[in-house]
Structure formats: structure tokens, C-alpha cells
Amino acid sequence: MALEKIEYDATHCQRCSTCKWSHLWEVKSHRFARNCPSVVYGKFDTYAAQGKNDIVTGLLKGELSWEDSKDRLLEIIYRCPVCAACDVSCKRVMDLDIIGVLDALREEACERGYGPLPAHKEFIQSIMNYDNVWKQPRNRRAGWAKKLDIKDLSKAGETADVLYYVGCTYAYKPGMETVPMHTAKILKAAGIDFGILGAKEICCGGIADNVGDKKSFEEIAKKNLDMFKATGAKTIVTNCPGCFMTFSEKYARLQKIDTEKLPYTVKHSTQFIAELLQAGKLTFTRPVDMTVTWHDPCHLGRRGEPYKHWEGKRVKFGLTEPPREMNRGVNGIYEAPREILKAIPGLRFVEMERIKEYAWCCGSGGGAKSAYPDFALATAKERIEEAEATGAGAIITSCPWCESNLSDGIDAGGSRLRVGDILDIAVQAL
Amino acid sequence: MAFTEMAYKALQDIVGSENVSNDPAICQAYSRVQWLPSGVLQRERCGLAMRPACVVMPGSTQEVQRILQVANRYTFPFVPRGSGFTFSAFPTLAGTIVIDPKRMDRIIELNEKDMYAVIEPYVSFVGLQAEAMKCGLYTPTPLAGSQVSCLANYSWHGAYGNSWITGIGAQNLLGFELVLPDGEVVRSGSMACPGAGSFWNDGPGPDLRGFLRSGMFGHAGGMGVVTKISCKLWPYAGPAEFPAEGTANMKFSSSLGENWKWYMIKFPLKYPEQEEQELRKSAELFYEMGRAEIGEVATHLAQQFLYTYSSVTKQDLFDNMKNDVFPSGFCVVALQGKTSPDQLAYEDRVLHDIVKKVGGIFVKEDEPAYQVWIKRAANEWIRFGNAQRLSRASDCFSIGSSNVDSIDQIVYEILESNKVGRDLLKNEGLGKDFVQPLSMNGGWISPQEYGYWCLHTTDVFPEQAVDQCNQAIEIIGKVTKSQFERRSAAAAIHMIGPAYDLFGPMMGDVHLIVKGLKREFDPGNLSNPGYATRPDVVTPEELAKMMGH
Ligand SMILES: Cc1cc2nc3c(=O)[nH]c(=O)nc-3n(C[C@H](O)[C@H](O)[C@H](O)COP(=O)(O)OP(=O)(O)OC[C@H]3O[C@@H](n4cnc5c(N)ncnc54)[C@H](O)[C@@H]3O)c2cc1C
């Protein structure tokens, strides 16, 4: 049973509410002091990590049953972007695996046949039928690459130093195809030998894992791992933080190995490009006259941390045997995008109050946007207000899910802010 | 007493159906307090009775009034809460509702000139501190951590890292608005006079602080819901934003700028053999500092504080213990140059003279204790407290003893309390499975208001297991009994229900006055009814037995 794995963690929460606030060295105002979109929107403590720990405790102790309140339980579990802000805050004072708790609740819901939610099933079914989350034909996947003369590594005999993995949303979502096109342009400008998987690229499956459908995830992951093996890819570059985290963290967890033991290295495009800048293989020369702020995508930051496998048990006083080095969200990708922005001549970069491992989530992750669009929108609007407070003209990010949700937030709130992808800006500076 | 479907509908009418819930899954998150041994036992014994009948979130004083009127009409009990960190924020009787203040989170006024803030119940120290520091002011912060509600904290007792100057919560309370159990509103201090400002609790207007018995003192029944307070802010000459190094649990701020200076002071004594001398020397230091009226923080940190507060992980905590990083308790002092650099330099000179006089030694910067405490933890006491980490050792802890008295008497109380604990460990094996030696050593001396008075705590660290929690309660009971026998002014806070009746006669029968007020203003006993620690966790009979009656 999923919940038993995290019994100690859930039942030893001291309900101190640290999970509801940003790191206190980082808080700059009363207005932007909170970190958990779920409890800010749901208000009842139940929606915070603390409440979810209580739910697990209740379920395990038999005080609460699914039959008591199945629909509400599903809402509590799934109206959460699993952004891990709670996990990072909690670990400042305790040693509990809060993300493990949130994950286990979703897995438990699926094991019982209650989860995932219909909106999630649609995504998963689409992956099963079309290899992408958008119910689009496979042969359109590489439509953006037409006429760009990019190697297709799925073809026999084709090889390249770098496998550029595009991801479903950049490949299919109208208006977002500029991102892979600009990525290709930048990689070419830096002289990188790269290729794509063309129509054979399939979804990373991260979404299935996020919503607790471990079986579907395993199936999809296996296909991808086989494909990576077949191409002999040693370096995979991707723009989508969801894919990035899935390949580096989730695939490692699935195989019960550390991320660094994976047969390939995954790099987010911002990471790869920042390295190119550092190595002098790429320079930005043309000024871009804009004031921008950067939104850290959770899957790139807090959740983009390499996985460290641990198998062991809790012993006396809750110590772990062998000692467990827990993820704390600090080793995600935070600096690379900032380095890129700072390297663009003429660009003025201003930070929001909640940044890096304390960033406020856009609200769309973990299946929250598809199942609870109102929640996702409210969460995005909060971020937009925070971005507006910086005086920036645009909020820049590097995640298709964040970008489209923030864009919805701008439309709904009547904000004059613009939202954009970092590479759409970077390409202007080439 | 009953909470009926009709009552629920009435609440929905007041706050809107989205702001009230009787869903078992929602209410489950309001039914448990696990960090405290008596909380563990309470949960074990009360079971689902601790789950509220519903949780309601009012958005204004008027809504609170109407909720309490409904409570009176349908005669169901209610428990208001801040963040819900303490054991007394939980129902102890079936059919109780919880009033969650999340919709009341405004800083209504931050008055720089008169140095106070008027706030609603869900304003935490996190936010208030950030805003106050921007204006060169700050709040005292409870070690509980700044994520708790300022209002809940000030309205109970509030003990702070810098109590040396600020005193306790009540002394920082400049006014409040209270909805009495029957729904009527009263205001205290100058807040009661329209247009007078919210700067002073002694008047104009009535000073009703003694009447306020929420929080810890709600054990004999609360007195309604506080909807607004005015709290004092103190001069602050540090940075509005702290320069922090590191990340996440390894994030520290080791500098508060040039207007602040931290010192760690020890005595050349062997520990634990010379614990008594060490504590007495610390007391001498505080008396001298009080005489000279210097300092912003002055406190004696017990080993358990040093280890738990400064740990970055549980493993780190146990490693530090193994490496004897804090071989004894230490005194920690901070000076703040509130008025000028010269003032800071003057206080620094005076402190050096005093430390020399009492035979103390300044801990050097390269000593592990300094590195671990001053670099990692000290500034947290100014910005956000951090005692959530007290639970890190065993994921459960309790105050072993606590007392309010003069500094020298407090030293005596710590020694006696530790002696009882050690004897119980030696002779009866009580607490042998707790985190040791933390559970039987040291004590927090927290002198208040330049040492005018003082409080202390000692701590025990059992695991969250019924057997260990029972032992913790037994140890605390026996320590309390010894205090009782010495006729000390003990505040046996974790057994305050029945213990109140036992200690009342020693304190001018205060318990009878309190109960009289309660009968008058809350005849139905609807506000925080029952005991914080329910009688069926520690019954009056059990308690009396533990105390040898
Ligand atoms: C590890 C740890 C360390 C601690 N250290 C300290 C410390 O150093 N100093 C200190 O002062 N405290 C300390 N505490 C105690 C406590 O957590 C704090 O005092 C804190 O302020 C409680 O705030 P809260 O918001 O969690 O209140 P809650 O727990 O929600 O409420 C506390 C009490 O106040 C009542 N209450 C809340 N709101 C209202 C209202 N609006 N009207 C009427 N009654 C109300 C509740 O019914 C309850 O009885 C510590 C606690 C822990 C667990």
C-alpha cells in the first residue's frame, strides 16, 4: 500500500505550519509571504501539506475512510500542483519526506481505482493512443522542424552528440513552436551537433507519474529508455522542465538508481545554453530593450533536483538507516536562466520576491490545470501580481505549462504584462 | 449541547457555504496535535472526539459575533485558533466547532511614529516582522516560530528570544477587540475610545488584559474570540532584508549589520558536575547586565536548545551531540546600537567589564559552539524564532518544567527539576528511552525586562509512543509535585486543567476568580470548554495521586 511507505513522515508532522510559508530569511512582505497555492486557494488547513499529513494519518489509523468523503479527498489530493514549496519549507525544521506523502496519496487514490481524475485520464489515454498528451497525430510532431535541416536520430545510422528532445507541448501547441525553432537556431549558432527523434519522439510520461498512475508511467518510461538506448544518446537536451525532471529524476527513481548513474545526462536547454555562453561558444550581441522578471518553473527548480536513491528504514528517534540525504530543492536549475538573461545586452532583469526554491508556483503542475482550472488561474494571477510589483514589462519563463497558465492569468486579470519564453528573447540577441 | 444540521445551515448563511465545512476530510486536519506527549495521549484517548463538528472561517468581527450568537442559540462549543500549533487549539469534546481565522489576515495599521501595529488574527510574525523591519521597527518573536499567529501569541503569554527587553506577550499588547462568548464586542485600552488611537492599553478606556484568557489560559474555558489587537513594536537598527548565505536548511544570516553584536559567554566550569555553579554564574551575569540596563537579548541557553535550534538535519543534531559541540549551557547576549554607534561601543565596554567581573569567558569565533550557534541560529531569534526545531530530536517534545520567578529562584527551580528527573531516571528508569542527555540536563533561563523577573523551561524528548509519552507525563507530574511541595510559583503548563485547581489556592485563590468570571460571561461554557489536557488524559484523581495527595 502506497501510504505505508510514508507512514512515519505523515504521522510525525508536528503541524507547525512552516509548510505554509516561504523561507523566513527570504520573506520581504506580508503580501507575498506565503508559499502554498493549495492552502491559499482552499484556505482550510487540510489543503496544506500539514492537512495532507493529517489525512494520511487518519486513513492509516482508520479514523477516516475513503467512503466518508471520496470526492473531497480527491479534491484535496489533486487540487495541488505538487510544486514542493511545502517540502522545501518543512525540511528547514524537520526531516520528513513531504513530497513522498503527496505522491503516495495520489498513488493510493489510483490503487483504489479512484484516481486519476477524468481530466488526467484523458491525457494519459492520449499518450497511449497518440504518444502525446494533445491527441495529435504522430506525423505532425516534428512539423516545426520542417525546412530546418535537423538530423532525425530515429533513422538508422543517424547519430549526433546531443539528442534534442522537444516534448509534446512545444511540438504541438500552436504558437509555441517558436521555442524549438529558436532552440535549434541557437544550437546551430553554437555549432552543436544535435538531432531530434522526429515523429518517433514520444511523451515522457511525467504526467502519469505526477497523478499517481505508476503503471502507465512505467510503460511509457520503458519505451523512452529503450529509445534513448537505441540512439546511443549520451546527452539529452530538453526545453520542457516536465520532461527534464521526468528523465532525470523520475526515470532514476523508477530504476532505483541515482540520477548520476543514468546512462545519459539530461540538460535543460537553459542549462545547456548557459554552458555554451560560459565556454564562449555563444555570445549575445544585439541589445534587447526590455525589463523582465524570471519565473522559476517548479519542475526545473525545486523538483528539478537530481534524485538520490535511498532504501532503508526509520530507526530510533526517527533517524534513518542508512543515513538518508534528502532532496531539499536547492540543487535544481536556478542560475542558468538568470545567467542567460544577464548576458543579453540592454536587458534589465529584476527579481520577484519569491524566487528560486521559494518561488510561487504558477499553479498548473501536477494535473492541477486540467482538473481544476479555476485554481490554476487564481494561482497564476497571484504570480502575475507579484511580477507586476517588480515594474517589469514581461514575465519570462522556460516551461510551456507555466507560460500558458501565466498567460491565462494575464488575460483574466487584465494585466499589461507580457509573458514569454526565455529562448524567444535570447534569439533576438544573437 | 448539540451541533445540528440547523446550526450548520445558520453558519453557512453567515460566512457563505465555501467558508464552512463539516466534511470529515476537511475536519480531520483540525484534530490532532502530535508534537506534545499529552497531545499524543489526548489523541489516543479522545480519538475522533477531537475532530471538530465543523470548521468555520469568518471574514470580519461581525461574522464572528454572529457565529458566537449561533453557538449560544444552539449551545455548541467553539474553539478559535491562530495557526493551531498548540494543544489548546483543538476540540476536546464531540460537537465542538473550530473557528479558523484565515480570512482575517490584514495588517490594519502600522504606526511608525507611535510604534504599534493593529492586526487581525491570521497575521503571522512572518509578515508583520517583514513590514515592521522596513520601518526600523520589530516585534518580539516567539521561539515557536514566526509562522504562528501574532494575535494568538500575544493574547496568551508569549515568551520571546528578546524578552530581556520586551517582556512577555501581555506587556506588548496595547489594545484589543474581543467578541465575548455571547457575541457582544468589548474593546480594551485606548482602542476603546474612538479616535484615540491604539497606542496604549492602560487607557484612556478600560484595561481588560486580565480578562483575556484565550490561549494557554483558555484551559478553564476561554472568553470568546479576539478579533483585533494592537501590539507594540520596538526600535530596530538592523537591515530590513537580512543578508543570507546558503540554501534551504543550510541558509543562515550571520550578520545583522554594524548596529548589532552577538556574544556567547561561558564559564570555566565542568559540566554537568558544576551545573549549579554554571547556572548561578549566569544569573550573576544577568543581574549585573540588568543593573547596567544594557543589552537587547540576554538568555541562558540549555544544551537542548543549542542542539535542536542549530541543527540542520536530525542526523546533524545527533552528530553534534556525539561530538559534544555544546559541552554545557551557554549565555547568549546581543547588543543593539539603537541610538548611535557610541551607544553600542559603550554597552560593549560595559559588557566586557561585567563578564570579567563574574568570571565569564567570551566564546571565540573559531570555537564550534560559536560557529554553530552565532553563525547559524542567533539571528533567527530576531527574525523568526525557530523552536519548531525542538521537535527535531525525536519528533516530539515537552516542556519538563516551567516557572516564573526571580532569576536566582529560577536557577534553583531548574536544579531541583533536573534533580527530580535524574533521580527518576536512575531509580525508576523513567525516560531511559528519551533523547539523553538532553532530557535531563540544563534549562532555559529567560530573564525578562532587564532581569526584573524571569522564566525558565526544561525539556524532555520522548518519542511519539504511548508508553514514552506516559513516562513523560509522569516525570512532569513528579517535577510539578516537587514544585508544589516547595510552594514555588510553578506554572505546570501542560497539566493546566486539573492542576489549576491544585495551584490556585497557592496563588490567592485566583482560580476561583477566574471561574467566577467565566460563569458570569460564559454561563454555557461554550468558549474553549474542557481542559486543554482533558481530564480523561490526566484525571484530577490521577494528578492528585501523582502529586502525592
Ligand atoms: C516547539 C514549540 C515552541 C514554542 N515556543 C514558544 C515560545 O518560545 N514562546 C511562546 O510564546 N510560545 C511558544 N510556543 C507556544 C505556541 O506555539 C505559541 O505561543 C504560538 O503563538 C501559538 O500560536 P498559534 O497561532 O499556533 O495559536 P493556536 O495554537 O492556534 O492557539 C493558541 C490558543 O489561543 C486561542 N486562540 C487563538 N486565536 C484566538 C482568538 N482569535 N481569540 C481567542 N483565542 C484564540 C486558541 O483557542 C488556543 O487556545 C511553542 C510551541 C511549540 C510547539
Side-chain angles (χ1 to χ4, degrees), chain A residues 8 11-31 33-34 39 43-48 50-55 57-58 63-65 68-69 72-73 75-76 88-89 91-96 316-320 323-324 326 328-331 356-357, chain B residues 19 21 23-35 47-48 51 55 57 83-85 100 102-103 107 123-124 126-131 144-148 241-242 244 247-253 313-315 318 380 383-384 386 388-389 391-396 435 461 463-464:
Chain A
Y8 187 92
T11 57
H12 286 75
C13 158
Q14 58 173 334
R15 70 147 10 273
C16 64
S17 288
T18 303
C19 59
K20 298 174 188 144
W21 302 91
S22 245
H23 193 300
L24 307 169
W25 284 133
E26 296 297 319
V27 170
K28 296 174 182 68
S29 70
H30 176 57
R31 171 67 187 86
R34 305 208 200 162
V39 72
K43 294 196 281 289
F44 293 105
D45 277 359
T46 326
Y47 292 91
Q50 166 244 304
K52 287 165 192 156
N53 286 326
D54 287 337
I55 298 278
T57 305
E63 293 168 357
L64 187 67
S65 77
D68 285 342
S69 183
R72 189 58 94 124
L73 277 171
E75 182 197 71
I76 293 162
V88 169
S89 282
K91 284 182 183 145
R92 190 168 65 74
V93 294
M94 300 292 274
D95 297 73
L96 304 174
K316 187 108 186 99
F317 304 130
L319 284 158
T320 48
R324 179 179 185 184
M326 285 184 154
R328 293 171 192 280
V330 297
N331 295 319
K356 300 185 182 175
E357 65 264 40
Chain B
N19 293 316
S21 178
D23 189 290
I26 293 288
C27 295
Q28 185 73 21
Y30 294 79
S31 65
R32 171 183 71 91
V33 50
Q34 295 279 113
W35 59 270
L48 281 178
R51 190 154 89 193
V55 181
M57 290 190 283
S83 77
F85 200 10
D100 183 334
K102 289 218 189 58
R103 291 175 62 225
I107 297 177
V123 171
S124 71
V126 180
L128 182 59
Q129 192 72 299
E131 297 304 332
S146 55
Q147 74 289 349
V148 301
E241 282 176 30
F242 286 67
T247 46
N249 61 327
M250 297 290 281
K251 190 183 265 299
F252 314 114
S253 179
T313 61
K314 193 188 275 277
Q315 189 65 48
F318 282 86
E380 293 179 351
R383 178 64 180 87
F384 51 80
N386 218 358
Q388 310 98 299
R389 285 187 182 155
S391 292
R392 197 167 229 164
S394 60
D395 299 316
C396 183
V435 180
F461 299 89
E463 290 181 281
Q464 274 183 28

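So you know, we letter chains A, B, ... as the sequences are listed, proteins then strands, and number each from 1. Only this structure's heavy atoms are used, side chains among them; waters, hydrogens and symmetry mates stay out. Every value quoted in this text rests on a predicted model; they were computed, and no experiment measured them.
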Checking [X] against chain B: side chain, backbone, both or neither under 4.5 Å from a heavy atom?
| X | value |
| --- | --- |
| A/R324 | neither |
| A/K91 | backbone |
| A/H23 | side chain |
| A/L319 | both |
| A/K20 | side chain |

Under 4.5 Å heavy-atom distance to chain A, tell me which part of [X] shows up: side chain, backbone, both or neither.
| X | answer |
| --- | --- |
| B/E380 | both |
| B/A244 | side chain |
| B/E131 | side chain |
| B/E463 | side chain |
| B/F318 | side chain |
| B/S21 | both |
| B/E241 | side chain |

Rounded to the nearest 0.5 Å, how far apart are [atom1] of [X] and [atom2] of [Y]?
| X | Y | atom1 | atom2 | result |
| --- | --- | --- | --- | --- |
| B/F85 | A/Q14 | CZ | CD | 4.0 Å |
| A/I55 | B/I26 | CD1 | CD1 | 7.0 Å |
| B/S83 | A/R15 | OG | CZ | 7.0 Å |
| B/D23 | A/L73 | CG | CG | 7.5 Å |
| B/Q28 | A/F44 | CD | CZ | 15.0 Å |

Worked verdict on A/W25 versus B/F384 for ring-ring contact (aromatic ring centres under 6.0 Å, His included): CA-CA 8 Å; A/W25 284 133; B/F384 51 80; 4.8 Å; yes
Partner chain A: residue of B/S124, B/C396, B/S394 with the largest heavy-atom pair count (under 4.5 Å):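 When all of B/S124, B/C396, B/S394 are compared, B/S124 has the most.
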Report the C-alpha distance between B/N386 and A/R92 in whole Å, list the side-chain angles of each, state the deciding distance to 0.1 Å, and finish with yes or no for side chain to side chain contact (heavy atoms under 4.5 Å, CB included). CA-CA 10 Å; B/N386 218 358; A/R92 190 168 65 74; 3.1 Å; yes
